[in-house]
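Below, chain A is the first sequence line, B the second, and so on; all start at residue 1.
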2 protein chains.
Amino acid sequence: MSSQGFELPLRLLLAFRVLIDELHAELARQGHPDIRPMHGFVMQAIGPAGTTAVELGRTLGVSKQAAGKTIDTLERIGYVERSIDPHDTRRKIARLTPHGMDALNRSARIFDTLRARWAEELGEERLHALESDLRRMTPDNLWRLDIPGWFGTL
Amino acid sequence: MSSQGFELPLRLLLAFRVLIDELHAELARQGHPDIRPMHGFVMQAIGPAGTTAVELGRTLGVSKQAAGKTIDTLERIGYVERSIDPHDTRRKIARLTPHGMDALNRSARIFDTLRARWAEELGEERLHALESDLRRMTPDNLWRLDIPGWFGTL
DNA sequence: ACATGATAGACAACCCGGTTAACTATATAG
DNA sequence: CTATATAGTTAACCGGGTTGTCTATCATGT
């Protein structure tokens, strides 16, 4: 009895949170104290070419309003800037500022070093197997989960 | 470049969400459509003996007010009931109702079958290795993470 | 050239799960 | 008996979501 089944999902969440927490501790040390856990993923989704609220909402699987709000806050704290699309004055393209790109680059590097620590701890083979197993059990598209509000709410 | 480092945390989150989503789809089919993703974990934390808001807050690592609110909603939807502690009339002990215990038991069974599906897909050895690796990389205490608000916010 | 329909964005009201601060009521220790 | 600690409640707020409604612009067909 006692259902060890709870163990698996909890460990997955915990592992995620541990990585995210270490990332943000390090990001804070490196000059990005204001950034919030999802901002890195959002900026990753914005990409180098920039995007609009509607597009961002589609790729993240949230409403355009939610995406718009997130862009608002990223703009407010200086990680994103908006400009109107000259070809379609309805559209406002959100692009990463240098500060935003810096955060994204640092996030990537920090994640890489965290992964390296895991590789050290578990061995590269074990870690590789873990990643491959996780890929097997999760959808192809990392972003679009088709679970409403999967971002931000348990 | 291109930092495969994002892959690991995202896959962990995704895997968690996939399990949670399947759990709640099945729970809804089995007569618990109103339950929310964290409620299962909260009820697990409440335990068979019941608990108070302050205690629950401590074990979950959230404020007593947050714990109290969660108990409020669980009470409203009929999964928990409160009664004053005769030995200390300040305390209100929240206990699972039969409906709540039913949800908890079903959750445990569903998680077990989901885990079994993973074992089928990956092989018991691989899954075991995965669980053991996750344990290696995460804190001992599954509940108390000491990340403020780790529940519910990315 | 113009009416019509689709699309982008903004705004409001709300939900959920968190936070801190301030308060009441009870218990306990000196 | 007083002082302090504790349990619970309430209120105001935040971050990230939702839906609904509205305006402005674009694109298309007659």
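- With a 4.5 Å cut-off on side-chain heavy atoms, A:His39 and A:Thr73 count as touching.
- One can place NE2 of A:His39 at 9 Å from C1' of D:dG16, the figure rounded to the nearest angstrom.
- Ionic pairing of A:Glu7 and B:Arg115 is not present here: no N-O contact between side-chain nitrogen and carboxylate oxygen is shorter than 4.0 angstrom.
- Looking only at distances, a side-chain donor or acceptor of B:Asn105 sits under 3.5 Å from a matching main-chain atom of B:Met101.
- At a threshold of 4.0 angstrom between heavy atoms, the contacts of B:Thr70 are confined to the sugar-phosphate backbone, with no base atom among them.
- Taking atom NE2 of B:His87 as the reference point, atom P of D:dA7 lies 16 Å away to the nearest angstrom.
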field: Letter per nucleotide, 5' to 3', of nucleotides 6-14 of chain C [B base touched, S only sugar-phosphate touched, - untouched; heavy atoms, 4.0 Å]
entry: BBBBBB-B-
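- Rounded to whole Å, the distance from CG on A:Asp34 to C1' on D:dC14 is 14 Å.
- Using a 4.0 Å cut-off between a side-chain N of Lys or Arg and a carboxylate O of Asp or Glu, B:Arg82 and B:Glu75 qualify as a salt bridge.
- With DNA chain D read from its 5' end, the first of the two nearest nucleotides for A:Thr89 and A:Ala67 is the one closest to A:Ala67.
- Using a 4.0 Å cut-off between charged side-chain N and carboxylate O, A:Arg106 and A:Asp102 make a salt bridge.
- Regarding B:Leu56, its CG atom lies at a distance of 13 Å from the P atom of C:dG17, rounded to whole Å.
- A:Asp133 has no carboxylate O lying under 4.0 Å from a charged side-chain N of A:Arg126, or vice versa, which leaves the two without a salt bridge.
- Atoms CD1 (B:Ile35) and C1' (C:dC15) sit 18 Å apart, rounded to a whole Å.
- Counting to the nearest Å, the C1' atom of C:dG17 and the CZ atom of B:Phe41 are 15 Å from each other.
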